[in-house]
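Here is the structure we will look at, set down as structure tokens.
Below, chains carry the letters A, B, ... as their sequence lines are ordered, and counting in each starts from 1.
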Protein chains: 2
Amino acid sequence: MRKGEETRTRILDVAEAAVLQKGFGGTSIEELIAETGITKSGFFYHFRDKNELAKALLNRYIENDERIYDEIFSRARELTGDPLQSFLLGLKLLSELLSDLPNGHPGCLVATVCYYERLFDREIQETNRNAVLAWRRRFGRMLREIMEVYPPREPVDVDQLADMVSSVLEGGIVLSKTLKEPNTLAEQVLMLRTFVKMLFLPVAEMPRA
Amino acid sequence: MRKGEETRTRILDVAEAAVLQKGFGGTSIEELIAETGITKSGFFYHFRDKNELAKALLNRYIENDERIYDEIFSRARELTGDPLQSFLLGLKLLSELLSDLPNGHPGCLVATVCYYERLFDREIQETNRNAVLAWRRRFGRMLREIMEVYPPREPVDVDQLADMVSSVLEGGIVLSKTLKEPNTLAEQVLMLRTFVKMLFLPVAEMPRA
DNA sequence: CTGAAAACTGTACCGCCGGTACAGGAGGGG
DNA sequence: CCCCTCCTGTACCGGCGGTACAGTTTTCAG
């Protein structure tokens with residue numbers, strides 16, 4: 001029914017916020033049911049155990065993540081036909097989106113799962129791995145398009161460069177959260193943008209000294 | 001006395017490995033005492049509670065981390081007087097050290113604590129924050145030296161560039177662990193090296209097309 | 001060698017939490 | 001009307017973090 005989905009979503013919302021702040025092990029089911037106003041039995045009606053909650057949580061997070069990237073980079077694509085310009089614009093839009101988050105980025109569930117590997121089954125670890133591989137493919141695809149037009153100034157492996165986007169995002173989140181400086185993440189994305197720009201854009205004017 | 005320190009260290013060793021694999025919440029004290037062959041009372045003789053264990057763990061980790069960076073970059077400094085060359089060499093040495101880790105990087109405790117914030121007291125969060133700020137200062141110092149000699153090709157903020165080193169390391173660890181590709185982290189460090197090289201090294205030959 | 005401090009062991013207990021089991025009830029759609 | 005979804009209520013289990021505290025062994029300084 002519809003009501004069931006709604007409750008399930010509410011549980012997932014509460015759980016996601018809690019897990020990103022305290023990790024899976026630090027988040028108790030009792031606390032989740034207290035905040036959602038559901039009973040323990042109600043909770044276990046929706047999720048067989050914590051592992052299944054984690055699975056649902058991660059899948060939803062990844063889907064949402066993909067959707068956001070789809071939106072940003074397709075919007076950037078509409079605004080300019082050039083693959084490099086649209087990628088650079090996409091990074092700009094991404095950094096703006098990140099700096100607009102009122103309390104900073106809440107954290108990445110992929111990283112949370114990564115630092116929790118041993119507690120989950122193979123399936124959830126595979127899901128996580130595939131999420132990172134999807135990032136690699138996504139950014140790799142765009143970078144390959146760029147490289148067909150713009151020869152890179154230094155020889156680089158496309159997959160490694162694609163991974164760099166993920167690295168900077170994941171690392172930027174850790175820095176931003178740890179420092180309690182919400183803007184650091186956005187700045188890191190712009191730093192990456194500078195790298196990509198410098199790597200592909202032909203040398204024209206150089207503001208020496 | 002001496003024996004006590006030894007046991008304490010053994011507990012910390014076991015705890016560190018466990019925490020990096022399962023997070024703090026996922027690591028039980030009972031499991032730690034089982035593996036170290038100590039009793040529960042013995043454990044609580046050394047650490048008042050889990051929070052104090054975390055504190056000791058984090059402090060030890062940070063100290064060790066700093067020591068490693070000290071060694072690498074001072075060795076790089078000895079081999080060449082030029083600040084840019086020694087920094088690039090340092091990154092190379094770092095990437096080699098990382099790719100020599102038999103089972104890949106075990107994970108960063110700073111990131112673990114970051115994704116666990118709400119479970120710990122202010123002190124441990126401050127410690128974590130200071131660790132990241134220390135990285136910023138360390139890499140910032142080296143980058144400032146470089147910038148005195150080499151004008152950057154693009155205008156960049158030194159602190160943000162310094163943070164980029166931390167970002168790529170933290171992010172690279174997440175990617176490497178999630179993908180179960182130990183080499184990804186080392187590759188990311190080399191990718192960062194390419195960025196730094198390109199940013200500061202004057203344009204000479206360009207292997208166009 | 002001795003004695004005191006350090007470094008534990010053993011036992012018993014508390015309350016929270018994850019999880020199980022199962023009975024039953026509200027409420028809406030066919 | 002009845003069945004299915006979506007829950008509630010109750011009772012219970014074992015594991016875990018943590019406390020309390022008494023007693024024992026090990027270590028090292030004098």
Side-chain angles (χ1 to χ4, degrees), chain A residues 1-58 60 112-113 115-121 123-124, chain B residues 1-58 60 112-113 115-121 123-124:
Chain A
M1 303 280 171
R2 271 273 304 294
K3 182 81 181 306
E5 277 304 307
E6 196 190 295
T7 307
R8 202 183 139 95
T9 302
R10 223 169 62 242
I11 295 174
L12 287 174
D13 287 341
V14 172
E16 185 169 317
V19 166
L20 286 175
Q21 286 187 341
K22 295 173 291 190
F24 280 100
T27 301
S28 73
I29 292 178
E30 315 243 342
E31 151 198 4
L32 299 180
I33 68 178
E35 201 163 338
T36 41
I38 209 178
T39 62
K40 207 172 190 177
S41 321
F43 176 88
F44 283 107
Y45 171 79
H46 288 286
F47 306 98
R48 204 181 314 137
D49 51 26
K50 230 183 178 185
N51 201 19
E52 202 168 284
L53 172 69
K55 215 174 286 181
L57 220 47
L58 183 61
R60 197 181 73 145
T112 306
V113 169
Y115 274 104
Y116 248 94
E117 40 170 344
R118 293 276 175 213
L119 277 189
F120 299 122
D121 54 27
E123 187 189 340
I124 210 166
Chain B
M1 303 285 166
R2 271 271 305 295
K3 179 82 182 308
E5 276 304 308
E6 195 192 295
T7 308
R8 203 183 138 95
T9 302
R10 223 168 62 243
I11 295 174
L12 287 174
D13 287 342
V14 171
E16 185 170 320
V19 166
L20 286 175
Q21 285 187 343
K22 294 173 292 189
F24 280 100
T27 301
S28 72
I29 292 179
E30 315 244 343
E31 150 198 4
L32 298 180
I33 67 178
E35 200 162 340
T36 40
I38 208 179
T39 61
K40 207 171 188 177
S41 320
F43 175 88
F44 283 107
Y45 171 78
H46 288 286
F47 305 98
R48 203 183 314 136
D49 52 24
K50 229 182 177 185
N51 201 18
E52 201 168 284
L53 172 70
K55 216 174 287 182
L57 220 49
L58 183 61
R60 197 181 72 143
T112 305
V113 169
Y115 273 105
Y116 248 94
E117 40 171 344
R118 294 274 175 215
L119 278 189
F120 301 121
D121 54 27
E123 187 190 340
I124 210 166

- Expected string for nucleotides 18-24 of chain C under the B/S/- scheme (protein heavy atoms, under 4.0 Å, primed atoms plus P, OP1, OP2 as sugar-phosphate) is BBB----
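A:Glu35 CD: 12 or fewer foreign heavy atoms inside a 6.0 Å radius.
Contacts classified as salt bridge (charged side-chain N to carboxylate O under 4.0 Å, His left out) and involving residues 19-30 of chain A (residues at least two apart or in different chains) are given here: A:Lys22-A:Glu31, A:Glu30-A:Lys40.
The nearest pair of heavy atoms linking A:Ala56 to A:Leu12 is CB-CD2, 4.0 Å. Across every non-hydrogen atom of B:Phe47 and B:Arg8, the tightest pair is CE2-NH1, 3.5 Å.
Each end of the helix from C:dC1-D:dG30 to C:dG30-D:dC1 gets its own axis, taken as the rotation carrying the C1' atoms of four end pairs onto the next four within a five-pair window, and the two axes meet at 20° to the nearest 10 degrees.
Within residues 11-18 of chain A, no residue has any heavy atom closer than 4.0 Å to DNA chain D.
Here the C1' atom of nucleotide D:dG18 and the CD atom of B:Glu52 are 13 Å apart, to the nearest Å. As rounded to whole Å, 8 Å separates atom P of D:dG17 from atom CG of B:Leu32. At whole-Å resolution of the value, CD in A:Glu6 and P in C:dG27 are 16 Å apart. Look at NZ on B:Lys22: it is 13 Å from C1' on D:dC16, rounded to the nearest Å. Rounded to whole angstrom, the span from the CD1 atom of B:Ile33 across to the P atom of D:dC16 amounts to 10 Å.
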- In sequence, state the C-alpha distance, the side-chain angles, and the governing distance for B:Ile33 and B:Ile11, and then conclude on side chain to side chain contact (heavy atoms under 4.5 Å, CB included). CA-CA 8 Å; B:Ile33 67 178; B:Ile11 295 174; over 6 Å; no
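When the side-chain hydrogen bond (donor to acceptor under 3.5 Å, both in side chains) test is applied to B:Lys55, the partners found at least two apart in sequence or on another chain are B:Glu123. Shown here are the side chain to side chain contact (heavy atoms under 4.5 Å, CB included) partners of A:Glu16, two or more places apart in sequence or in another chain: A:Leu20, A:Leu57, A:Arg60, A:Tyr61, A:Leu109. Every residue two or more places apart in sequence or in another chain was checked for a salt bridge (charged side-chain N to carboxylate O under 4.0 Å, His left out) with A:Arg10, and none qualifies. For A:Asn51, the side chain to side chain contact (heavy atoms under 4.5 Å, CB included) partners at least two apart in sequence or on another chain are A:Asp49, A:Phe120, A:Asp121, A:Ile124.
Residue B:Thr7 has no polar side-chain atom (N or O) positioned under 4.0 Å from OP1 or OP2 of C:dA7. Taking only side-chain nitrogens and oxygens, A:His46 never comes nearer than 4.0 Å to OP1 or OP2 of D:dC6. Residue A:Tyr45 places at least one side-chain N or O closer than 4.0 Å to OP1 or OP2 of D:dC6.
Separation of atoms CZ (A:Phe44) and NZ (A:Lys50) is listed at 9.5 Å; rounding is to 0.5 Å.
Put simply, the side chain of A:Leu32 reaches to within 4.5 Å of the side chain of A:Leu53, judged on heavy atoms.
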